[in-house]
Structures are given as structure tokens and as C-alpha cells.
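One structure is given here, and the rest of the page talks about it.
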Amino acid sequence: MSTQTLPEVDTQDTTGDDTPKMFHYVRKDKIAESAVTGTMVVALCGEVFPVTRSPKPGSPVCPECQKIFNKLPPGGDA
């Protein structure tokens, strides 16, 4: 299994101005597929959503996803 390495937006956690409150870690190989086809992805924390935005440096990350990600072995071998 490849490591979940890129945070992606959970569109259900948004502010009133359509800005995401936080981004989630999802499987790297599912990001492009979801962005193109609109299929749902599952974040490390269990949230399910379609990828609609990319994070920018300094974007807030889901604390639960971050906690799980930090426990994964380096290099993506879970």
C-alpha cells in the first residue's frame, strides 16, 4: 500500500466563503482520479469526500489525519 502523503480538502468542512477549514491526508494514487472523475476518497481519519481543491503551504491539516500520518513508517510501507 502506498503512503497517504498529500492533504486534500474535505468539502464538508468548509467556512461560509467556500474556503476549506482543513485538509486531509488521502492515498496519493487516488487524488488525480478523484479530481478528474469526482469519485470519493477516504482520508486517514475516515472522512469521505471528492477532491476539489489542492492545499497551499501552511494550509490547516486535520489533526486526526496528522496524528495517523505521523505513525506511518517512512517511505509509505504500511
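Nothing fancy with the numbering, it's 1 onward along the sequence. Since the model is a prediction, treat every value here as computed from it, not as a measurement.
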As an exercise, state the distance from [atom1] of [X] to [atom2] of [Y], rounded to the nearest 0.5 Å.
{"X": "M22", "Y": "C45", "atom1": "CE", "atom2": "SG", "answer": "8.5 Å"}
{"X": "E47", "Y": "M40", "atom1": "CD", "atom2": "CE", "answer": "10.0 Å"}
{"X": "C65", "Y": "H24", "atom1": "SG", "atom2": "NE2", "answer": "5.5 Å"}
{"X": "S54", "Y": "I31", "atom1": "OG", "atom2": "CD1", "answer": "8.0 Å"}

Check whether any side-chain N or O of S34 sits under 3.5 Å from a backbone N or O of K30 as a donor-acceptor pair, and report yes or no.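 Answer holds: no.
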Describe, in one word, how the ring planes of Y25 and F69 are oriented to each other, choosing from parallel (under 30°), tilted (30 to 60°) and perpendicular (over 60°).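 Aromatic pair Y25/F69 classed parallel.
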Shortest non-hydrogen separation from V42 to V26 and the atoms involved: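 Closest heavy-atom pair between V42 and V26: O-CG1, 4.0 Å.
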